[in-house]
Every structure is written in structure tokens, then in C-alpha cells.
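All residue numbers in this chain count up from 1 along the given sequence.
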Amino acid sequence: MELLSALQLKNQNSGASTGVNWWSNTKIRELISYNPATEKSIASVFCANIEDYEKVVQVSLQAFTRWRNVPAPKRGEVVRAIGEALREVKSHLGDLVSIEMGKSKQEGDGEVQEMIDMADLAVGQSRQLCGLSMHSERASHRMYEQWHPLGIVGVISAFNFPVAVWSWNAFIAAICGNTVIWKPSPKTPLCALAVQYICNRVMKDFGYEGIFSLLISDEHDIVNKMANDNRIDLISFTGSTAIGREINSLIAKRLGRSLLELSGNNAIIVDEHTDLAVALPAIVFGAIGTAGQRCTTTRRLIIHESIYDNLVAALVKAYKKITIGDPLNQANLMGPLIDQHAVKQFLNTIERAIKQGGRVLCGGTTLTQPGYFVTPTLIEAENHWEVVQQETFAPILYLMKYSELTDAIGMQNDSRFGLSSAIFTNSLQHAEVFLSAAGSDCGIANVNLGTSGAEIGGAFGGEKETGGGREAGSDAWKAYMRRQTTTINWGSALNLAQGIKFDI
């Protein structure tokens with residue numbers, strides 16, 4: 001409770017907010033947040049219901065009619081103030097992320113820093129929402145394109161990044177002139193409450209309401225309502241491919257817009273020219289960071305046969321040194337899984353891998369102590385096995401050999417998903433082949449760094465069953481706006497395109 005008090009959340013247990021008002025319906029059951037490292041409850045939140053949803057949408061719609069007319073650089077000032085507020089509570093909010101989600105303190109603080117960086121990027125972007133100017137084929141005409149906000153952007157986020165992924169969407173959507181409704185994971189409601197409280201304070205200081213709104217619920221009715229609601233112009237969904245496919249189907253039926261950040265089955269290729277001193281820590285962090293609960297987690301390691309034995313021996317040695325425990329203790333490199341269901345999936349996956357012929361080299365067990373702790377696991381496997389081709393949100397790394405680079409790239413690309421990929425090599429030719437059109441088919445392709453830990457300056461997202469969405473940096477802002485091509489005739493005659501004559 002001291003932490004919640006530091007974040008000014010001690011008495012805040014409402015499930016919906018638009019900035020000025022917090023609504024809670026005590027007739028709806030409470031949603032209890034648990035610490036996955038202790039299995040003990042932290043606090044509870046009253047869930048939002050459909051009535052709360054309607055209130056939030058109405059306020060968001062009204063706010064949009066005002067917000068869209070605010071100059072973009074002025075919108076950026078609001079986001080800048082949120083970034084400054086996040087700086088003030090970075091350590092406290094990082095603690096809460098670690099306590100509620102289970103990732104290490106370093107990663108919890110890093111996630112808040114990612115929000116701060118995203119705010120900085122969005123502030124700069126607010127002065128760079130640029131359209132193109134084109135030369136018209138008609139005399140005395142000017143032709144250009146401009147970008148306008150969509151309206152309401154819905155953000156449905158996952159537990160593994162309980163605050164950062166929201167910021168990728170919300171800060172960019174806001175500087176583009178949209179209002180944002182956030183439906184966070186019911187597994188991490190307190191993180192969302194803390195962020196919403198900060199947004200509320202900043203909105204109040206600037207005289208706004210409804211730019212950023214929050215709906216906390218574990219009911220599917222809220223998600224389905226958002227997906228079917230024509231008043232919500234874009235929905236950004238982060239989660240599994242299975243759920244993303246269902247949500248996207250509902251959105252597509254109304255010809256709505258969606259951003260999908262779905263599952264990954266990411267691979268690293270380690271060739272014979274690799275500096276193992278560089279590769280080893282990147283592989284380990286990619287596989288065990290956030291206890292394997294990242295969409296960019298390294299799940300497959302494709303190793304050249306000439307260095308296979310040496311690298312595997314080094315990995316086993318490194319894995320045995322991984323410290324596991326309380327995520328707030330910075331001596332621990334890995335925290336718990338999110339809940340008991342995740343632990344069961346971890347154990348079931350290992351059992352399936354063994355049945356399909358896998359050999360466990362390290363890990364594969366749970367810790368006999370409170371909390372949802374498991375040991376990071378290395379399994380020798382074959383790429384085509386059904387279990388290897390699935391995404392398991394746990395620290396399981398499959399090891400396999402290759403002899404020719406083209407075979408390794410083929411193995412990497414032989415996946416339903418296409419999020420993140422990497423190669424470790426000191427061969428310029430191998431690096432360029434990997435990055436060519438005949439190389440990695442993923443949205444992210446790295447050389448001499450791992451699959452996890454993307455910077456916010458680049459567009460984040462993947463191909464195939466990862467969904468095709470792009471968020472964060474580069475020109476990802478365009479997804480939150482509508483393009484309008486404009487032509488102005490400033491002459492004294494009507495000139496039709498393509499030389500058409502129409503005299504009356």
C-alpha cells in the first residue's frame with residue numbers, strides 16, 4: 001500500500017475514467033490484482049460495465065470535436081507534460097510494473113523509460129505530420145495531401161507490457177488529434193490505474209477531459225462492444241493471434257480499421273563467423289527476459305554445425321547462473337510467470353516437446369516456493385515439430401543445427417509468424433543476404449543483436465500471423481490519421497484531368 005500511496009492510488013479502485021470523473025459500479029464484482037512472485041493479492045478494482053463504456057465513449061466523442069481543432073504542436077505540449085510526470089514517478093511506477101506483472105526491476109524501470117522516450121518522440125512528431133506536395137498536370141492548379149485525425153482510437157493491451165504498449169499508441173494517436181480509450185489486461189489493472197491517474201492530472205492542468213480514457217474489465221462483452229462499435233475508428237490490439245483473428249473479424253465486418261500486434265516465434269541464426277562473446281548475452285536475454293513472456297522473445301536458436309557444441313555448452317553454463325526470484329531484487333535476472341495457467345502451459349509444452357523427440361539440456365522445472373517461478377529451459381529440437389512451431393509464453397529455447405545459410409534462413413522463415421529475427425555474424429555477405437529480399441521475412445531483422453528490445457524510433461510490428469501492424473516510430477503515425485488528397489484550382493478556367501474537354 002505504500003507504493004500505491006506514492007502513486008496516489010491508495011483510495012482509487014474505480015474501473016473507468018475519462019479524466020475528471022472516476023466511475024465504479026459496486027454491483028459489479030471486484031477484479032483482484034495478484035503479485036505473481038508471492039501469489040498474494042495487491043489490491044482490487046471494481047470492473048467497468050457496459051453503462052460505463054457508453055459514458056466513456058460519449059465523453060471521448062465530445063472531447064474529439066474540440067481536440068481535433070487544437071494545433072498539433074499544442075497537442076504535443078500535453079503529451080510532453082505526461083512525459084515529465086512519468087519522469088517524476090519512474091522508479092515507483094517501475095516498481096508497480098515489476099510487482100504486478102513480475103518482470104525484473106531493471107525491466108520495469110526500462111518499460112517506464114520507454115514511455116518517457118515515446119512521449120519525447122511524439123512531441124517532436126507533433127511538428128512533423130507532413131503531407132506531400134505534388135505537381136498538377138493542369139495549369140493554375142495546386143495539388144497536395146494532408147492528414148486528419150480519425151476520431152476515437154481504442155487500445156487493447158496485454159499484460160506483458162502493461163504500460164509501454166499503451167504509450168506507443170496513445171501518445172502518437174493524441175498528437176494526431178485523436179482521443180484514446182484504453183482497455184488494459186485484467187491481469188495488470190493497477191498499472192493502468194496509475195497511468196490514467198497521471199493522465200487525469202495533466203488533462204486537468206490543461207483544461208481537458210476525455211483525451212485519454214480507461215476501461216478496466218475482464219468481461220469479453222467490453223472487447224466485443226469495442227470491436228463492433230462504429231464510433232471507434234481504429235482499434236489497436238496486442239495479444240495472441242487466436243484472439244486477434246476474432247477481433248479483427250468483427251472490425252472487418254464494419255469496415256473498421258485495426259492495428260494488430262500478435263504472436264511471434266522468433267529465431268536467431270548463429271553462423272560460423274560469430275563472435276560468441278557478443279552473441280551469448282543477447283541470446284540469453286532474448287530467451288529469458290520477462291521470463292519469456294515477450295512477443296519478441298527468442299524461441300528458436302539455429303546454430304551452425306561447426307560451433308553447435310561449443311555454443312550449447314556455453315548456454316548451459318550461462319543458464320545455470322541465472323538468478324530467479326523476487327523481481328524487485330536487482331540481483332535476480334528473471335522473475336515469475338504471470339499466473340498458474342502460464343506455469344501449466346510451460347510444463348505441458350515441455351512434456352509435448354519430449355514426446356516429439358526433444359532432449360531437455362537445462363531447466364524444465366518449477367521452483368518449490370511461493371510464486372509462479374520456473375527454470376529457463378533449453379531443448380534440442382527439430383524446427384518442423386508442432387510444438388516448436390507454437391508460441392509458448394515461457395522461457396523455453398529450442399536449439400537446432402544447420403549447415404548452409406540458405407537452409408538456416410529457410411528454417412527461420414518456416415513459421416506462421418513473422419515478428420522479430422536476428423543473425424549473429426562477422427560476415428558482411430551473410431549479413432546482407434539475411435537482410436535482402438531473399439532473407440528474413442519478419443518485420444524486424446537485426447544483425448549482431450537479439451530479437452528482443454526494439455527501440456521506439458523504428459516502426460514495431462510483424463508479418464504473416466503476427467498481424468501486419470506497425471506502432472511506435474518511423475511513419476507509424478499515419479495509421480492514426482486519414483489521408484486527404486486536395487487539389488485547388490486558382491485559375492480562371494476549368495481544366496479537366498487527362499485532357500478531357502467538356503464544353504456546355
Side-chain angles (χ1 to χ4, degrees), residues 114 118 150-173 176 178 180-188 215 220 222-266 290 293-297 299 389-393 413 415-421 440-445 451-452 454 456 458-483:
E114 192 167 346
M118 198 68 226
L150 295 173
I152 297 178
V153 171
V155 179
I156 303 173
S157 61
F159 74 87
N160 58 332
F161 280 86
V163 292
V165 170
W166 168 84
S167 72
W168 294 359
N169 289 276
F171 291 161
I172 298 297
C176 289
N178 304 287
V180 180
I181 297 175
W182 183 16
K183 173 22 184 103
S185 167
K187 297 179 181 181
T188 51
L215 285 165
H220 293 300
I222 296 289
V223 174
N224 289 340
K225 183 71 172 176
M226 292 178 72
N228 283 300
D229 196 336
N230 282 318
R231 297 169 296 179
I232 299 183
D233 299 88
L234 169 70
I235 289 183
S236 172
F237 173 79
T238 302
S240 71
T241 293
I243 302 300
R245 184 178 284 111
E246 293 179 15
I247 291 174
N248 194 46
S249 177
L250 296 175
I251 298 169
K253 285 180 181 178
R254 62 177 175 89
L255 298 180
R257 301 189 188 205
S258 62
L259 272 176
L260 301 175
E261 299 289 355
L262 309 178
S263 304
N265 190 11
N266 316 292
T290 319
Q293 298 171 112
R294 294 186 177 207
C295 53
T296 55
T297 291
R299 309 199 181 280
Q389 290 299 319
Q390 305 260 331
E391 180 191 51
T392 301
F393 248 37
N413 292 346
S415 169
R416 304 192 329 265
F417 312 110
L419 179 51
S420 189
S421 60
S440 169
D441 65 359
C442 295
I444 299 170
T451 61
S452 194
I456 55 93
F460 180 92
E463 302 299 326
K464 298 186 285 190
E465 291 192 23
T466 300
R470 293 296 187 275
E471 296 173 348
S474 185
D475 66 347
W477 61 270
K478 293 179 179 179
Y480 305 92
M481 306 195 83
R482 57 182 176 88
R483 187 197 310 250

Q.
A side-chain contact here means heavy atoms from C-beta on lying under 4.5 Å apart; do W168 and V155 qualify?
A. no
Q: Verify the ring-centre separation between F161 and W166: is it less than 6.0 angstrom?
A: no
(Q) Just so I know, are the side chains of Q390 and N265 near enough to count as touching, which here means a heavy-atom distance under 4.5 Å? (A) no
Q. Under the side chain to side chain contact (heavy atoms under 4.5 Å, CB included) criterion, do F393 and T297 qualify, and how do the steps go?
A. CA-CA 8 Å; F393 248 37; T297 291; 6.0 Å; no
Q) CE/M226 to CD1/I152 distance, rounded to the nearest 0.5 angstrom? A) 9.0 Å
Q.
Looking at every non-hydrogen atom in both residues, tell me the closest pair between F460 and A454 and how far apart they are.
A. CD1-CB, 3.9 Å
Q. What is the distance from atom OG of S452 to atom CG of L419, rounded to the nearest 0.5 Å?
A. 9.5 Å
Q: Identify the two heavy atoms, one from V180 and one from A173, that lie closest to each other, and give their separation to 0.1 Å.
A: CG2-CB, 3.9 Å
Q.
If you define the side chain from C-beta out and look only at heavy atoms, does anything of V223 sit under 4.5 Å from I247?
A. yes
Q. Is it true that a side-chain atom of E465 and a backbone atom of R416 form a donor plus acceptor pair closer than 3.5 Å?
A. no
Q. In Å, rounded to the nearest 0.5 Å, how long is the span from SG of C442 to CG of N413?
A. 6.5 Å
**Q.** Non-hydrogen side-chain atoms of I243 and F237 separated by less than 4.5 Å
**A.** yes
(Q) Quick test of your reading of the model: are D441 and K464 salt-bridged, counting only N-O distances below 4.0 Å? (A) yes
Q. Can you tell if the side chain of I156 reaches within under 4.5 Å of the side chain of I235, non-hydrogen atoms only?
A. yes
(Q) How close do A158 and S185 get, counting heavy atoms only, and between which atoms? (A) C-CB, 3.7 Å
**Q.** Any donor-acceptor N/O pair, S474 side chain to A459 backbone, under 3.5 Å
**A.** no
Q: Please determine, by modelled atom types, if T296 and N266 share a side-chain donor-acceptor pair under 3.5 angstrom.
A: no
Q | Within-4.5 Å side-chain heavy-atom neighbours: Q389 and F417 | A | no
Q. To the nearest 0.5 Å, what is the distance between CG (N178) and CD1 (I181)?
A. 11.5 Å
Q. Do the side chains of L250 and N224 get nearer than 4.5 Å, heavy atoms only?
A. yes
Q.
Pair S236, E471 - check side chain to side chain contact (heavy atoms under 4.5 Å, CB included), show working.
A. CA-CA 9 Å; S236 172; E471 296 173 348; 2.6 Å; yes
Q: Report yes if some heavy atom in the side chain of R245 is under 4.5 Å from a heavy atom in the side chain of S249; otherwise report no.
A: no
Q) Any donor and acceptor pair, going by atom type alone, linking the side chain of S421 with main-chain N or O of S440 inside 3.5 Å? A) no
**Q.** Nearest non-hydrogen partners of S157 and W182, listed with the distance
**A.** OG-NE1, 2.9 Å
Q) Run the side chain to side chain contact (heavy atoms under 4.5 Å, CB included) check on K253 and N228 step by step: do they pass? A) CA-CA 8 Å; K253 285 180 181 178; N228 283 300; 5.9 Å; no
Q. Between N169 and Y480, which heavy-atom pair has the shortest distance, and what is it?
A. OD1-OH, 2.7 Å
Q. What closest approach, in Å, do D233 and G151 show between heavy atoms, and which atom pair accounts for it?
A. OD1-CA, 3.4 Å
(Q) So, using salt bridge (charged side-chain N to carboxylate O under 4.0 Å, His left out) as the criterion, who are the partners of R294 when residues are at least two apart? (A) E107
Q) Any chance the side chains of S258 and N248 put a donor and an acceptor closer than 3.5 Å? A) yes
**Q.** Salt-bridge criterion met for E261 and R470 (N-O under 4.0 Å)
**A.** no
Q) So how far is it from K183 NZ to L215 CG, rounded to the nearest 0.5 Å? A) 9.0 Å
Q) When you look at L234 and L259, which way does the side chain to side chain contact (heavy atoms under 4.5 Å, CB included) test go after all the steps? A) CA-CA 7 Å; L234 169 70; L259 272 176; 4.3 Å; yes
Q | Nearest-0.5 Å distance, CG of residue L262 to OG1 of residue T241 | A | 4.5 Å
